[in-house]
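For reference, the structure is listed below as structure tokens.
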Amino acid sequence: MKPVKPKLLIARAMFPDALARLNEYFELEQNQEDRIFSQDELAERLQGKFGMICTSSAKINRDLLSKLPELKIISTIAVGYDNFDLQACTEHQVMATNAPDVLNETTADFAWALMMATARRVTEAEHFLRAGEWKKWGVDSFVGVEIHGSRLGILGMGRIGQAIARRAAGFGMEVIYHNRRRLNAEQELAAHHARYVDKETLLRESDHLILVLPYSPESHHTIGVAELAKMKPGATLINIARGGIVDDAALIHALRYGKIAGAGLDVFENEPRFHPDFLDLKNVVLTPHIASASERTRRAMVNRAMINVIAAVRGEVPPDLLNRDVL
Ligand code: 8YV
């Protein structure tokens, strides 16, 4: 008789060929139709499971965990894990892992794409052209704000923030940043001589401000009415971090009344719904949470999540364990 393999839920559709390696260790239940499970469905699907590979759409809270005595590991393919209640995981003896590092460069590229599209009004100009409105060239048509030689501000200077800063070298930009913890001198040098400033200075002096901090109750509405009022009128605000870090209603107001020049947003409050008033604004570039979306990187994220569940089933410590207390 073949030994019974532990069961693993793949909560969202993921590259099936990449997942094949898991068959050696697990009996897989895949959600290839990619339906988002309700909390009740998730509880049902996770009954008797050893673990789950999921994305940021799975909310792992105390209520869910209390129904799952056999669960050992939840492994997200994301670097952000604000959808996990880590304390509840530890209390229920569930390991929680994320997928750091593999998406740093791709996500940094996208922050730049959004910043450049916003500053140079790329999507606004394309919509104009597609709508058949281009009748003549104009000296002041779609004039934007400068990128090269300007001052780049970064709020949240972790690995992705540092990757964004390094790219500023090619554009002759000065980099300032604020973070809970100041980088050491070597890290600052590598991050294109990034200069540590307080949050107030960052808001007041950035020409382009990129948000890369993790979401938590403490970072909720880090950028609201008061913070937007401190920014330069010609500044752009780029959010590739998480919805909820920016007060979207306050941002809409600031964009509508030209308090800042524009915003580039990959994340929103209440995704995948978002504030409908964004659609009426021309000075905002909107993308559906795709900053890490290159095929190579998405595969690397899935692979990292697989490494964590395989380590767990082999009785090893998963390399990206978030709640070490669980051991
Ligand atoms: C993911 C992300 O694509 O890694 C993160 O934290 O936000 C994205 O890269 C997404 O959250 C996957 O669930």
Side-chain angles (χ1 to χ4, degrees), residues 8-15 18-19 30-37 39 42 51-61 64 73-86 89 96-114 154-164 210-220 222 238-246 248 264-274 286-309 318-323:
L8 186 76
L9 177 67
I10 311 294
R12 297 291 305 275
M14 294 179 194
F15 311 100
L19 298 174
Q30 298 196 42
N31 172 19
Q32 281 303 347
E33 72 271 29
D34 206 28
R35 241 163 23 80
I36 308 250
F37 298 138
Q39 288 305 98
L42 198 54
M52 163 169 76
I53 292 183
C54 63
T55 68
S56 307
S57 59
K59 303 277 166 269
I60 310 301
N61 55 25
L64 180 74
I73 180 164
I74 46 164
S75 170
T76 175
I77 68 160
V79 64
Y81 51 87
D82 46 291
N83 52 319
F84 290 176
D85 180 339
L86 285 188
C89 288
T97 63
N98 69 338
D101 295 327
V102 287
L103 44 59
N104 295 348
E105 300 299 327
T106 303
T107 305
D109 287 347
F110 195 78
W112 272 81
L114 264 188
I154 302 176
L155 184 56
M157 198 59 147
R159 289 160 290 202
I160 298 172
Q162 291 171 53
I164 292 169
I210 304 185
L211 308 176
V212 211
L213 61 166
Y215 181 79
S216 66
E218 294 75 50
S219 65
H220 183 74
T222 295
I238 310 301
N239 188 3
I240 55 151
R242 276 288 179 274
I245 289 175
V246 175
D248 285 350
L265 308 173
D266 188 45
V267 288
F268 304 87
E269 292 187 280
N270 307 316
E271 281 173 31
R273 292 181 300 280
F274 57 89
L286 307 166
T287 54
H289 203 144
I290 58 166
S292 63
S294 74
E295 181 167 349
R296 191 169 65 176
T297 290
R298 285 284 164 85
R299 283 180 176 273
M301 292 158 70
V302 171
N303 189 50
R304 189 91 178 206
M306 295 199 316
I307 289 171
N308 284 308
V309 291
D320 303 311
L321 184 62
L322 295 164
N323 54 339

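In listed order, ligands and their atoms are each counted from 1. FYI, side chains are in, hydrogens and waters are out, and symmetry mates aren't considered; it's all heavy atoms of this structure.
Considering C54, A305, S56, S57 only, the shortest heavy-atom separation from atom 13 (O) of ligand 1 involves S56. Of the candidates S292, A58, A99, it is S292 that places a heavy atom closest to atom 8 (C) of ligand 1.
In terms of protein heavy atoms, atom 4 (O) of ligand 1 is closest to V79 N, 2.8 Å.
Atom CG of D34 and atom OG of S57 lie 8.0 Å apart (nearest 0.5 Å). We find the NZ-CD1 distance between K59 and I36 to be 9.0 Å, quoted to the nearest 0.5 Å. Rounded to the nearest 0.5 angstrom, I307 CD1 and S75 OG are separated by 10.0 Å. The CG atom of L265 sits 12.5 Å away from the NE2 atom of H289 when rounded to the nearest 0.5 Å.
For ligand 1, the atoms lying closer than 4.0 Å to a non-hydrogen atom of T55 are 13 (O). Residue L103 has at least one heavy-atom neighbour below 4.0 Å for each of these atoms of ligand 1: 4 (O), 9 (O). Counting the atoms of ligand 1 from 1 in the order shown, those under 4.0 Å from a heavy atom of G80 are 4 (O), 5 (C), 6 (O). In the vicinity of R298, heavy-atom distances shorter than 4.0 Å reach the ligand 1 atoms 3 (O). For ligand 1, the atoms sitting less than 4.0 Å from at least one non-hydrogen atom of M301 are 1 (C), 3 (O), 9 (O), numbered in the order shown with element in parentheses. Contact atoms of ligand 1 toward R242: 2 (C), 5 (C), 6 (O), 7 (O), 11 (O) (distance under 4.0 Å to a heavy atom of the residue).
Of the polar atoms of I77, none of the N or O atoms is found under 3.5 Å from an N or O of ligand 1, judged by distance alone. Backbone and side-chain nitrogen or oxygen atoms of H289 are examined, and one is located within less than 3.5 angstrom of a nitrogen or oxygen of ligand 1. In terms of polar-atom proximity, A78 is not counted as a contact of ligand 1, lacking any N or O under 3.5 Å from an N or O of the ligand.
At least one side-chain heavy atom of V309 sits less than 4.5 Å from a side-chain heavy atom of L8.
Judged purely by distance below 3.5 Å, without hydrogens or angles, the side chains of N83 and S56 never pair a donor atom with an acceptor atom.
Applying the side chain to side chain contact (heavy atoms under 4.5 Å, CB included) test between N98 and each of T76, N308, L321, I77 identifies T76 as the sole match.
Remark: Y81 OH is loosely packed, at most 12 non-hydrogen atoms of other residues, nucleotides or ligands lying under 6.0 Å away.
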